[in-house]
Amino acid sequence: MYTRQRQRPRARAGVNRRQGTLACLMLLPAVTGLSVFVLWPLARSIYLSFYQWNFYTDNVFVGWKNFADVLGDPKFAASVIRGLLFTAMVVPLQLLIAFAFASVARSVGPRMAGALKMTIYIPTVVSTVIASLIFVVIYQFSGGVANWLVGLAGAEPQAWLGDAAWALRAMTVPTIWIGLGLTSLIMLAGMLDVPESYYDSARLDGAGWIRQQIYITLPLMKNVFLYLLITGFTVTIQQFEIPLVMTSGGPADSTLLPNLLIFRHFRYDDNVGFSVAAAILLFAVIGSISALVFRLLRSEKATDA
Amino acid sequence: MGNHLRHRTAIGLGATLLLGLGVAACGTDEQPTGKDGNSGGSGEVQTITFWQSQFYGLEDEWYASRVADFNATHADIQVEYEVIPSDAWDQKLKAAQAAGTAPDVYTRAYNTLMALARSQSIRPLDDLLSESAWQDLEASVEKMVIVDGQHYAYPVLVEPSMVLWYRSDLFEQAGLDPDDPPTDWDGLIEVAERLKGAATDAPLAMPQRVEDLAWSTWGLQYSSADHLPLAGDWSAAQADDPAYKSLLDMYRALYADGLIPPQALDEYTAYAPYGEGKVAMMANGSWAAAGLLSDYPEIAELTRVAKFPSASGDDQSPTASLGGWTLVIDGRTESADAAGAFVEWMVAGEADPLVKYFADTSYSKFPARQSVNLAIGDTDEAAQVNPWRSLIASDVVPYSIAEPVYDWSVSLAFAGAIEAAMQGQASDEALRRAQEEITGIVDQLGIAGQGPE
């Protein structure tokens, strides 16, 4: 093999060139789309963030003022911290439930697995707005399902969406519910990639289910977890429709997540410089944390799957 | 190969990025050029767009009917009409403005006019409407559409934002005299305590969500402190006036004692929770009359109205603001003359169609024009249709304040203080935070000294 390669360097280089050209051609549509719909708007937004502007008067250059206004607004910092807290409540629980679901789906027969997958995926195709409205009804103080269940347990009814102590926690349920389908299916796909022979060997060595998960499943699914962690984090911290529909950010700003704050400024401000600067700063926060997670967990090719 | 591919890929990416930036550079920093209004040359049909915020059934029908009549009687101008749900209004309009496709004519509330005028989002109407149209306006209403000496909107109506609606039968069952409604906030709390259990959800419905509190409590804010949280010339926040504590304390007491629902039952303008017997009293605007009369006639029979209690019990202390709707013309319209003709025909021309509008809405609103007021005043029909109208006209409207025209974020900031008090925060602390926030808004927007007073 080695000899044959040494004997055909020119042919090999030609193959490389063709492969490189082909790769570039295949990347071109995605890169074009990315440039037009992401990079250009981003560049334009950064440019506009230095201006005071509305849609009727000439833009006025204001330097860093919009950024200073955003950073000087305690509501922005509070909303980012609240978003991180919300993410910390939603993403780990979502991964845990998805992992449990995928484990069950992997262990049952194909027909049952199909039914389970369909069931878990249904919330994904439900509109977030519709899901939010459903949960508003569920959380109604009088006549809501949540308080009916609480009543069965003998506890006092709660103002799930009217009490600042409960509102953000109440919002985690629909957020997890909506994201669970996709997370579970990706988790299951990663799990099915782990060779069954590893588990057979582990069982022969006397490893129980928990040890199999710790020493086989989790290490081999590290990249899947990394992907789900990053996407779960970025989607959850940017959650917007659920607080908009369920609480409008209240009570007392307890569910005012960063994107809803930005939307509120876009909706009501005469000049939209604040909204654009806030969006760029949020982009920086999310990008930084995502990079940190990548660095800490180190995405590597799975050792053997 | 890896390096080779990365090099090629980098070139590809760079070229594409440059292409993207090049395309972008071909764009322009100029403002969008506006809508494709037809030039309006002789013989051509001009098409203009009209967006109406969604109201209640009969109101929407009136607007639709008027537009249809306009189109039927004007061969040279045709109106494309769209009703926009109120919760989607702001974002839809903002998106249209960004794209240069804002409607030529649209409905707008009074409190937004100054900001829109100063940002040139709407244009003055003085040169588009006839002099007689302006002369017909009630003087107090005309002031509300003038910004820096020019008329920027044509008003359709005014309506007080808050009166007290209550069930006489439930008052009697609780041993209360329906002819003696509460007049101050202590009295309101006392009556609500007596009405506990009278309705399924709570004794009283009040605005509770921040975006409802922001505008519906302007009158109550004035009642508690004799001023609003921002000075008239917008030079300084004055939300930390201890007098505001009475308002926050009232809200805290109502919420903590279960006298208002733990969660808002609906948005403030909704009358259904009251009509369905979920509450025994409700704070709501005069517009609720139309809905109660048409949708809950049996409850309407049992309903009384009173001026909403004031902080001190003074029956002349404002507890409501006078708001309502106007028609404005987009600042970048290319069909200003056609839009002006439409506005004049729609709401500033003959009185009869407007009289029908007020009749359709059960005389729950009040005309902005003298001629329409006169036409309605000449009949007894208004009092027969709407049994509460005369009391609202005599006891509420004259003592209502005009809606403040400062930035909406100021109103949201003070509403946040009320909301925080409901959630248990000490009133001093809530007011201190509102003061800081409003001060920050004044600095950030640079509006000190730009207020109307």
Side-chain angles (χ1 to χ4, degrees), chain A residues 12-13 15-17 19-21 23-25 27-28 31-32 34-36 39-40 43-44 47 53-59 65 68-69 72-75 139-143 157-165 247-254 263-272 274, chain B residues 1 4-5 7-9 11-13 16-21 23-24 27 29 31-32 90-91 94 97-100 102 115-116 118-121 200-202 208-211 255 261-265 278 330-332 407-409 412 416 419-420 422-425 433 436-437 440 443-445:
Chain A
R12 182 73 182 172
V15 169
N16 284 347
R17 264 198 301 277
Q19 285 182 342
T21 307
C24 285
L25 282 173
L27 280 172
L28 195 60
V31 172
T32 306
L34 198 69
S35 301
V36 172
L39 295 178
W40 164 239
R44 178 79 178 162
Y47 167 78
W53 59 292
N54 63 24
F55 309 113
Y56 289 83
T57 52
D58 293 336
N59 299 348
K65 182 182 183 302
D69 288 343
D73 182 356
K75 286 197 171 188
Y139 284 134
Q140 271 182 353
F141 183 80
S142 178
Q158 297 293 330
W160 302 103
L161 303 179
D163 186 340
T247 60
S248 293
D253 291 345
S254 61
F263 174 73
R264 197 184 268 185
H265 276 279
F266 173 76
R267 188 177 178 185
Y268 295 131
D269 290 359
D270 293 322
N271 291 300
V272 290
F274 184 103
Chain B
M1 182 211 167
H4 181 74
L5 180 58
H7 181 67
R8 287 280 187 118
T9 307
I11 291 172
L13 281 168
T16 310
L17 183 58
L18 283 173
L19 175 70
L21 292 174
V23 169
D29 283 348
Q31 298 295 317
D90 288 301
Q91 53 267 40
K94 190 65 77 83
Q97 288 172 333
L116 292 174
R118 289 187 173 172
S119 66
Q120 299 173 33
S121 303
T200 60
D201 283 48
Q208 283 178 250
R209 296 188 296 197
V210 71
E211 289 178 353
Y255 188 79
Q263 289 175 192
L265 297 173
K278 292 181 177 175
D330 185 66
R332 237 178 17 234
D407 195 84
W408 178 243
S409 56
L412 282 177
E419 213 183 17
M422 270 195 286
Q423 294 294 323
Q425 193 173 76
R433 290 189 183 193
E436 277 182 13
E437 191 175 341
D443 291 344
Q444 182 189 321
L445 299 180

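Residue numbering restarts at 1 for every chain, and letters A, B, ... go by the order of the sequence lines. Source: prediction; values computed, not measured.
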Study note, to complete from the structure: The interface call for B:Ser409 against chain A, heavy-atom contacts under 4.5 Å, is neither

Review point. Looking only at heavy atoms, which two atoms of A:Arg264 and B:Val210 are closest? And how far apart?
Key: NH2-CG1, 4.0 Å

Revision key, fill the gap. Heavy atoms of B:Ala102 and A:Tyr56 approach each other most closely as CB-OH, 3.7 Å

Practice item. Look at A:Pro74, A:Gly250, A:Ala164, A:Gly249 and state which one has the largest set of heavy-atom pairs under 4.5 Å with chain B. Key: A:Ala164

Review point. Which answer fits B:Glu211, side chain, backbone, both or neither, if we ask what part of it has an atom under 4.5 Å from a heavy atom of chain A?
Key: side chain

**Study point:** Under 4.5 Å from any heavy atom of chain A - which part of B:Leu265
**Key:** neither

Exercise for review: Would you mind telling me which of B:Gln208, B:Arg209, B:Met422, B:Glu437 has the largest number of heavy-atom pairs within less than 4.5 Å of chain A?
Suggested key: B:Glu437

Point to revise | Nearest heavy-atom neighbours spanning A:Val272 and B:Lys94 | key: CG1-NZ, 4.0 Å

Review point. What part of B:Glu436 gets closer than 4.5 Å to chain A, counting heavy atoms only: side chain, backbone, both or neither?
Key: neither

Study note, to complete from the structure: The reported gap from CG in A:Asp69 to CG in B:Asp443 (rounded to nearest 0.5 angstrom) is 9.5 Å

Check your understanding: Does the side chain of A:Tyr268 come under 3.5 Å of the side chain of B:Asp407 through a donor N or O and an acceptor N or O?
Key -> no

Exercise for review: Check whether B:Gln444 gets within reach of chain A through its side chain, its backbone, both or neither, counting any heavy atom under 4.5 Å.
Suggested key: both

Point to revise | Minimum heavy-atom distance between A:Gly162 and B:Gln423, given as atom pair plus value | key: O-NE2, 2.8 Å

Practice item. Measure across A:Asp270 and B:Ala115 and return the closest heavy-atom pair with its distance rounded to 0.1 Å. Key: OD2-CB, 3.2 Å

Review point. For A:Asp163, is it the side chain, the backbone, both or neither that has a heavy atom under 4.5 Å from a heavy atom of chain B?
Key: both

Review point. For A:Phe274, is it the side chain, the backbone, both, or neither that has a heavy atom closer than 4.5 Å to a heavy atom of chain B?
Key: side chain

Review point. For the candidates A:Trp160, A:Phe141, A:Phe263, which exhibits the highest count of non-hydrogen atom pairs separated by less than 4.5 Å from chain B?
Key: A:Phe141

**Study point:** Gap between atom CD of B:Gln97 and atom CG of A:Asn54 - 0.5 Å precision
**Key:** 8.0 Å

Exercise for review: Compare every heavy atom of B:Gln263 with every heavy atom of A:Leu161, then report the nearest pair and how far apart it is.
Suggested key: N-OE1, 2.8 Å

